[in-house]
Amino acid sequence: HETLAIAANRIGGKSNSGEGGEDVVRGRTILDVDDKGRSPTFPHLAGLKNGDSANSFIHQVASGRFGVTPEFLVTAKQLEIKMAQGAKPGEG
C-alpha cells in the first residue's frame, strides 16, 4: 500500500487506506531520504524522494475497532464512512 500511495501522490491522485487504518508514520512527509533513494523511516522501500508521502489520502472508516484514531482522521483529504455492513457468506 505504501508504494501505491507514494505513486498516486506523485501524480496528483489519491489512494484508499481500506478499513484497517494506517501506521501513523505514513501521515508524515518523508524528509530523511539519502542520495540512494532510501529512508530509515521506510527501509523496505527504494527510489524515494524527499517530500514524498506514503499517506493514502482517502481514509475508510468502518468503526472505532479498525484503527480509527484522531491522527488517522486528520491526515485524510477525503473520508469514506461505512454506515452498515451485511453478513458475509460463511461467517457466523
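All values derive from a computational prediction rather than experimental measurement.
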Heavy-atom pair of closest approach, residues Asn55 and Asn9: O-ND2, 3.0 Å

Pair Arg10-Asp52, side-chain contact (heavy atoms from CB on, under 4.5 Å): steps then yes or no: CA-CA 7 Å; Arg10 282 183 181 177; Asp52 275 340; 2.6 Å; yes

Pair listing, ring pair (Phe, Tyr, Trp, His ring centres under 6.0 Å) test, anchored in residues 39-61, at least two apart: His59-Phe72

Contacts of type salt bridge (charged side-chain N to carboxylate O under 4.0 Å, His left out), residue Glu80, not counting sequence neighbours: none

Atom pair OG/CG of Ser53 and Leu31 - distance to nearest 0.5 Å: 10.0 Å

Check against side chain to side chain donor-acceptor pair (under 3.5 Å), Ser17 and Ser56: CA-CA 5 Å; Ser17 69; Ser56 294; 5.9 Å; no

Side-chain donor/acceptor of Arg38 to backbone N/O of Val33, under 3.5 Å: no

Leu79 side chain reached by Ile58 side chain, heavy atoms, under 4.5 Å: no

Cluster check Ile30, Val25: I/L/V/M/F/W/Y, side chain < 4.5 angstrom: yes

Salt bridge (charged side-chain N to carboxylate O under 4.0 Å, His left out) involving Arg28 - partner list, sequence neighbours excluded: Glu71

Check: Ser39 side chain, Thr41 main-chain N or O, donor-acceptor pair, under 3.5 Å: yes

Closest non-hydrogen atom pair between Arg26 and His1, with its separation: NH2-O, 3.5 Å

